[in-house]
Engineer: 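I have a structure I would like to understand better, so I am pasting it below and will then ask my questions one at a time.
Along the sequence shown, the residues carry numbers beginning at 1. Because the structure is a prediction, the values reported are computed rather than measured. Every heavy atom of this structure was used, including side-chain atoms; hydrogens, water molecules and symmetry mates were not.
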Amino acid sequence: MKVVFRFLFLVFLYSLAAGQVVAQERASPVSIGQTFTLSSATLGESRRINVYLPPVYADSATVRLPVLYMPDGGLAEDFLHVAGLLQVLTGNGSIRPFILVGIENTARRRDMTGPTTNAEDRKIAPKVGGSAAFRQFIRAELMPAIRQRYRATAETAIVGESLAGLFVVETLVQEPNLFDTYLAFDLVCGGTTGSWQARPTAAYTCTLARPKRCM
């Protein structure tokens, strides 16, 4: 009899626990953006693109926003914490809203570096010097895709740090009209030897003013 009682008691406890589980609200996924894959003829590969859209974009069917492009924009790179920072800053009115476009890396040291004849530069990766092709991908393939998919204004900016900062500054020099604003932080920059593999500077910020200049 005691065995039967214990069995029934355990069944009762299990039913209570199961009821509590059912009563709990189901967890919902947290979403901070969108992602899509863009096939690139220029690079000969597909690139993962991550996009953050501020709340105002969903609130209005007519609003158009400027676009900030970000190399190192993968989910395991800088995209999530930069998108989160933008969410806070636009939410409290510190900055105006804009669309963030993160470009996920496949071969970072290839895409972020320009041509070099320095033997030390060539040691950092199997292939370097692909910045011109990466810039062509952004100009001819990514930018049109973003304009087609999203309600974007003509205003654009680019941001990068470290090696991506080098790419930002090189782009400012090579194609100053590609973006309206250039932001580069803690970048690897060229030295007096002509090499781009030099010690990082503290910070470089390119202004919103035209003609574009670097401070």
Engineer: For residues I158 and L172, determine if any side-chain heavy atom of one lies less than 4.5 Å from a side-chain heavy atom of the other.
Structural biologist: no

Engineer: With sequence neighbours left out, write down each residue that passes salt bridge (Lys or Arg N to Asp or Glu O under 4.0 Å) with R139, or none if nothing qualifies.
Structural biologist: E175

Engineer: Per the side-chain hydrogen bond (donor to acceptor under 3.5 Å, both in side chains) rule, what does the pair list look like for residues 50-62, sequence neighbours excluded?
Structural biologist: T35-N50, N50-E104, S60-T62

Engineer: Could I get the full list of ring-ring contact (aromatic ring centres under 6.0 Å, His included) partners for F134, not counting sequence neighbours?
Structural biologist: F167

Engineer: Can you find a side-chain donor-acceptor pair between R135 and T171 that sits under 3.5 Å?
Structural biologist: yes

Engineer: Decide yes or no for V56 and T90: does some side-chain heavy atom of the first lie under 4.5 Å from some side-chain heavy atom of the second?
Structural biologist: no

Engineer: Answer with yes or no whether the side chains of S131 and E170 bring together a donor and an acceptor at under 3.5 Å.
Structural biologist: yes

Engineer: Between atom CG of L38 and atom CZ of F137, what is the distance when rounded to the nearest 0.5 Å?
Structural biologist: 5.0 Å

Engineer: Can you find a pair of side-chain heavy atoms, one from D111 and one from P71, that are under 4.5 Å apart?
Structural biologist: no

Engineer: When you compare the side chain of D186 with that of S162, does any pair of heavy atoms fall below 4.5 Å?
Structural biologist: no

Engineer: Any carboxylate oxygen within less than 4.0 angstrom of a Lys/Arg side-chain nitrogen, looking at R48 and E77?
Structural biologist: no

Engineer: Can you hop from L89 to F98 via hydrophobic side chains spaced under 4.5 Å?
Structural biologist: yes

Engineer: Side-chain contact, heavy-atom cut-off 4.5 Å: L166 with M112?
Structural biologist: no

Engineer: Can you find a pair of side-chain heavy atoms, one from V168 and one from F185, that are under 4.5 Å apart?
Structural biologist: no

